[in-house]
There are 2 protein chains.
Amino acid sequence: MADVTLKDVARASGCSIATVSRVLAGTRPVGAETARRVREAAAALGYRPNHAARALRSRATGTVGLVLPQITNPFYPALVRELTHALHADGRAVLLADCDDDPAAEAEHIADLLGRRVDALLVIPADEERSRAAVAAAAARVPLVLMDRGCGPGVADSVAVDNGAGMALVLEHLAATGRRAVCFVGAEGTVSAAAERRGAYAAGAGALDPGAPGRVVLGDFSVEWGRAAVDQVWAARPDALVCANDLIAIGALQRLQQLGADVPGEVAVTGFDDIPMAALSAPGVTTVRQPVAQLAAEAARLLAQRLAGDAGPQRAIRLAPELVVRESSAPKRAARTPA
Amino acid sequence: MADVTLKDVARASGCSIATVSRVLAGTRPVGAETARRVREAAAALGYRPNHAARALRSRATGTVGLVLPQITNPFYPALVRELTHALHADGRAVLLADCDDDPAAEAEHIADLLGRRVDALLVIPADEERSRAAVAAAAARVPLVLMDRGCGPGVADSVAVDNGAGMALVLEHLAATGRRAVCFVGAEGTVSAAAERRGAYAAGAGALDPGAPGRVVLGDFSVEWGRAAVDQVWAARPDALVCANDLIAIGALQRLQQLGADVPGEVAVTGFDDIPMAALSAPGVTTVRQPVAQLAAEAARLLAQRLAGDAGPQRAIRLAPELVVRESSAPKRAARTPA
DNA sequence: TTGAAAGCGCTAACAT
DNA sequence: ATGTTAGCGCTTTCAA
């Protein structure tokens with residue numbers, strides 16, 4: 001099982017190592033008969049290229065760094081899955097770094113990955129501002145695609161869901177099902193998911209009710225905040241709670257049920273992202289599904305293009321999401337199945 | 001920003017590249033003054049070692065492959081997080097491969113990672129039997145630690161939770177809170193989580209009730225199965241459903257609530273793993289928490305030992321889990337908070 | 001303690 | 001179409 005090298009394959013197939021390299025890497029035309037012999041010998045010996053050597057010579061490792069804030073954020077596993085599949089399909093391997101929501105750790109991981117000579121980076125920044133320096137520096141060295149969250153304008157290519165369009169879908173759905181006293185339960189901060197969803201609500205809610213754009217409470221993207229928010233807004237008896245993500249929606253749902261409120265009879269609850277939990281809660285949470293597979297595919301495609309030398313203008317790709325209607329926003333008058 | 005090499009540092013600090021290498025890698029004693037100059041020059045130039053070259057020369061990449069069945073399995077993100085942190089703390093990078101529960105894809109990923117010269121592998125096998133060949137072959141080439149699931153006896157070192165001890169904790173807790181008509185909702189198959197939990201129930205449930213060990217229904221590890229299982233067993237009015245994992249428990253809980261059953265008043269429900277959803281459902285699911293951080297730490301330690309040359313006998317490390325009591329198993333007579 | 005020199009396995013000029 | 005040769009950046013003998 002000792003490592004088989006090009007030299008061994010060359011000896012076995014009776015030609016030079018350069019020829020073998022050309023056959024196996026497919027860089028240059030090679031005689032059909034020679035190619036066959038080489039391939040046979042390689043297979044017989046169980047030849048496996050040494051990526052380290054290849055990387056040293058060709059200055060490309062076939063490796064992409066994936067840097068994210070927290071793999072335990074319930075939206076990310078699906079994204080990671082699709083990204084790794086898309087990249088593996090292109091023959092690239094994925095070096096994973098989890099930053100624990102810490103921009104300092106993020107900067108270190110990025111530097112380490114660069115030292116390991118990743119060909120490119122996929123980054124979900126931990127913080128809109130404090131991630132910027134490290135991301136910008138890295139983007140100057142290798143192709144870099146930002147995902148899910150932004151990192152200031154003009155820093156790098158980016159691929160994300162169109163948060164505004166998603167929020168518009170929610171508002172439209174609520175309008176169509178007769179909700180008017182709508183209230184937004186959002187998140188503070190400049191992270192794009194927070195800011196864009198907030199902005200889209202403010203821009204679109206006026207169509208339902210003149211007072212709606214002003215009915216906004218802000219916290220963070222957590223179940224706890226969802227629970228707490230209900231205590232702030234329930235006294236006013238809104239007929240719909242538009243939550244900035246599914247975790248908030250699940251928290252809100254729980255607290256409402258605890259308070260004896262009828263969801264969706266009295267009040268609808270909507271989320272955003274379509275994490276697995278959204279489908280499993282009772283009632284299921286109406287939400288906006290991010291096109292995860294397509295986001296991953298776009299990111300992989302963009303990366304491949306940049307690696308192929310495309311130096312075109314910076315790109316910001318936004319994909320339209322899809323509304324997933326579940327029981328939490330069924331029409332008001334719907335009778336609940338008795339327990 | 002062009003790459004700074006050892007040669008550049010050598011020139012800047014006025015000594016040979018060999019000396020610089022020795023200072024930076026700390027392999028051999030070097031004069032204090034020289035060392036200082038070298039370090040200064042390296043810092044000033046922003047030197048970053050080229051891992052590809054280092055790997056080629058020293059036959060170690062500082063990289064570990066992490067191969068798992070499905071990152072979207074809700075138990076894995078936390079494990080991946082702890083594993084990457086533990087390995088990064090040792091200066092290693094993690095190449096991630098998601099196999100989509102397909103042993104063939106798993107074999108390919110393992111072969112690719114070996115070609116990329118990972119120093120070691122961490123594998124959560126997709127299948128007890130069909131993963132064996134690839135895992136055994138890999139284990140012959142590099143240190144390999146199996147996690148979470150087994151892969152046949154004697155294949156490689158392994159680190160996992162003690163499933164039997166966890167199930168014993170659950171049964172003990174149910175006994176102490178007066179449950180007797182206990183029923184097990186498990187999963188078919190030979191994967192260790194399924195088999196060991198099943199076995200431990202069969203072994204321990206007799207202490208509660210002579211008929212308990214026989215009250216077993218088997219499906220898979222899914223919410224859907226949890227729901228379906230209730231329809232099979234509820235007619236007999238068990239006072240506790242011991243589920244083989246949290247997903248099953250959540251499904252069972254939902255179906256019971258739909259049927260109007262009082263949980264925990266009439267029937268307790270318990271899970272296993274303590275995935276995030278277990279805490280978020282209403283009522284919260286009593287479950288067995290896997291010591292994820294410690295599992296990761298043990299795996300990293302074992303790997304480091306093997307990489308350091310330890311050729312001791314194969315090790316199977318089992319860590320004791322912890323019972324997390326939530327509302328789903330509160331004592332029968334407890335009054336429910338009125339809505 | 002330090003330097004010179006020989007490669008690790010591979011690819012890419014340059015020859016032929 | 002194929003072979004020869006020169007390194008990629010680093011570590012590690014072997015000398016000094």
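Each chain gets a letter, A, B and so on, in the order its sequence line appears, and its residues count up from 1.
Phosphate contact (OP1/OP2 of D:dG3, side-chain N/O of A:Thr19, threshold under 4.0 Å): present. Contact annotation: A:Ser16 side-chain N/O to D:dG3 OP1/OP2 distance is under 4.0 Å. Considering only side-chain N and O atoms, A:Thr34 lies nowhere under 4.0 angstrom from the phosphate OP1 or OP2 of D:dA1. Listed pair A:Ser21 / C:dT11 meets the phosphate criterion, a side-chain N or O lying under 4.0 Å from OP1 or OP2.
Among the nucleotides C:dA4, C:dG9, D:dG3, the one closest to the side chain of B:Ala18 is C:dA4. Comparing C:dT2, C:dT11, D:dC8 by their closest approach to the side chain of A:Arg59 singles out D:dC8. Closest contact between the side chain of B:Arg22 and the listed nucleotides D:dG3, C:dT11, C:dA4 involves C:dA4. Of the listed nucleotides (C:dT11, C:dA12, D:dG9), C:dT11 has the atom at the smallest distance from the side chain of A:Ala25. Distances were taken from every side-chain heavy atom of A:Ile17 (C-beta onward) to each of D:dC10, D:dG3, C:dT11; the shortest belongs to C:dT11.
Surrounding CZ of A:Arg315 are more than 12 heavy atoms belonging to other residues, nucleotides or ligands, all under 6.0 Å away. Counting non-hydrogen atoms of neighbouring residues, nucleotides and ligands closer than 6.0 angstrom, the CZ atom of A:Arg28 reaches no more than 12 such neighbours. Within a 6.0 Å radius of CZ in A:Arg130, other residues, nucleotides and ligands contribute 12 heavy atoms or fewer. Other residues, nucleotides and ligands contribute only 12 or fewer heavy atoms inside 6.0 Å of the CD atom of B:Glu108.
What separates CG of B:Leu6 from P of C:dA4 is a distance of 15 Å, to the nearest Å. Rounded to a whole Å, the CG atom of B:Leu56 is 10 Å from the C1' atom of D:dT11. In this structure, B:Asp8 places its CG atom 14 Å from C1' of D:dC8, rounding to the nearest Å. Counting to the nearest Å, the C1' atom of C:dA5 and the NZ atom of B:Lys7 are 14 Å from each other. Here the C1' atom of nucleotide D:dG9 and the CG atom of B:Leu24 are 13 Å apart, to the nearest Å. Remark: P of D:dA1 and CZ of A:Arg37 are 15 Å apart, rounded to the nearest angstrom. One interatomic measurement links the two molecules: NE2 of B:His51 to P of D:dC8, which rounds to 19 Å at whole-angstrom precision. At whole-Å resolution of the value, CZ in B:Arg48 and C1' in D:dG9 are 16 Å apart.
A residue-by-residue look at B:Gly31 and B:Arg117 shows that B:Gly31 has its nearest nucleotide of DNA chain C further toward the 5' end.
Rounding to the nearest 0.5 angstrom, the gap separating the CG atom in A:Leu295 from the CG atom in A:Asp148 is 8.0 Å.
Taking only distance into account, the side chain of A:Arg57 never meets the base of C:dG9 through a donor-acceptor pair shorter than 3.5 Å.
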